Amino acid sequence: MPALPVRRIATSALCASLLIGAAAPVFAADARDHGERASRTVVSTTAAPDAAALLNQVKTLQDTGGVLTPVTGLLDAVLKTKDGKLPADEAQKHADAVKTAIDTAKEQAAAVPVPATPDKAVPDDAKAPADVTADALTALQSAVDALVKSATAGDVAAIATQAPAVVTGLVNVLAATLLGGALPAPNLPGLPALPQLPAASTPSLPATPSLPATPAVPQAPALPQTPALPQAPAV
């Protein structure tokens with residue numbers, strides 16, 4: 001089977017996701033060097049980071065990598081097949097690895113404490129970060145199940161549809177993890193700003209047209225006078 005058209009899309013998206021993880025040590029080294037230079041001239045008065053909070057952040061990143069590895073392994077195996085058909089035992093092996101990783105990530109997302117934010121900064125319809133991450137993991141699991149089913153059946157057309165859905169689901173999990181509040185905000189100079197959502201505004205209702213003036217009721221004509229009755233003749 002020729003290379004699936006979706007393979008190039010999947011590869012590009014996965015490379016972007018992997019670059020996020022690969023660049024993390026570089027960001028950390030740059031921040032460390034900057035801190036060392038500052039410490040030579042300025043005595044820091046900032047309290048040391050909470051070790052427990054940092055350990056939770058490290059565990060979150062580990063669990064994210066735990067999901068990334070089996071899902072990309074499944075995509076790699078499916079997209080490299082010659083006829084689009086993955087042996088049932090191999091497909092089940094990938095499916096089990098993904099499910100274990102997703103279940104572990106769900107448990108970790110529910111256990112990670114989230115720093116409090118001012119009420120005014122949270123939209124009324126916003127979900128808790130743990131709920132957003134859980135929704136992303138659930139959607140990813142559904143997309144993986146559909147891809148495994150298509151690959152086991154050798155349905156090339158379905159694979160071309162389901163593989164991008166798995167890539168999108170994986171990117172959603174990474175975004176929910178990175179932006180969910182449990183990790184520090186990136187501070188690398190030159191990073192593009194996140195797009196701002198348009199301000200929600202209720203359209204103004206059209207003005208109610210004024211009712212036409214009620215015409216004056218014409219006066220009723222005067223009734224004619226009743227004629228006097230004739231006098232009775234004298235008996």
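Keep in mind the model is a prediction, meaning the values are calculated, not measured. All residue numbers refer to positions in the sequence shown, counting from 1.
A 4.5 Å side-chain heavy-atom check between H94 and P70 finds every atom pair outside the cut-off. When side chains are defined from C-beta on, L68 counts as touching L170, because their heavy atoms get closer than 4.5 Å. Taking the side chain as every heavy atom from C-beta outward, V98 and I102 approach each other to under 4.5 Å.
Atom CG of L178 is separated from atom OG1 of T64 by 6.5 Å, given to the nearest 0.5 angstrom. Distance check: I159 CD1 to L75 CG gives 10.5 Å after rounding to the nearest 0.5 Å. The structure places OG1 of T133 at 8.5 Å from CG of D131, a figure rounded to the nearest 0.5 Å.
In terms of modelled atom types and a separation under 3.5 Å, the side chain of T72 and the main chain of T69 share a donor-acceptor contact. Side-chain atoms of T81 come within 3.5 Å of backbone N or O of V78 as a donor-acceptor pair.
For E90, there are no side chain to side chain donor-acceptor pair (under 3.5 Å) partners at least two apart in sequence or on another chain. Applying the side chain to side chain donor-acceptor pair (under 3.5 Å) test to K106 and every residue at least two apart in sequence or in another chain returns T138. With sequence neighbours left out, the salt bridge (charged side-chain N to carboxylate O under 4.0 Å, His left out) criterion links K99 to D103.
For the pair V67 and A105, the tightest heavy-atom approach, listed with the atom from each and the gap, is CG2-CB, 3.7 Å. V132 approaches A176 most closely through the heavy-atom pair CG1-CB, 4.1 Å. Residues L74 and L86 approach most closely at CD1-CD2, 4.5 Å, considering heavy atoms. Minimum heavy-atom separation, G169 to L140: C-CD1, 3.8 Å.
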| field | Verdict with reasoning, K93 to D89, per salt bridge (charged side-chain N to carboxylate O under 4.0 Å, His left out) | value | CA-CA 6 Å; K93 180 180 178 181; D89 56 344; over 6 Å; no
Sequence neighbours excluded and cut-off under 3.5 Å, please list the side-chain donor-acceptor pairs for residues 143-150, or say none.
{"unit_1": "D145", "atom_1": "OD1", "unit_2": "Q141", "atom_2": "NE2", "d": "3.0"}
{"unit_1": "S150", "atom_1": "OG", "unit_2": "A146", "atom_2": "O", "d": "3.0"}

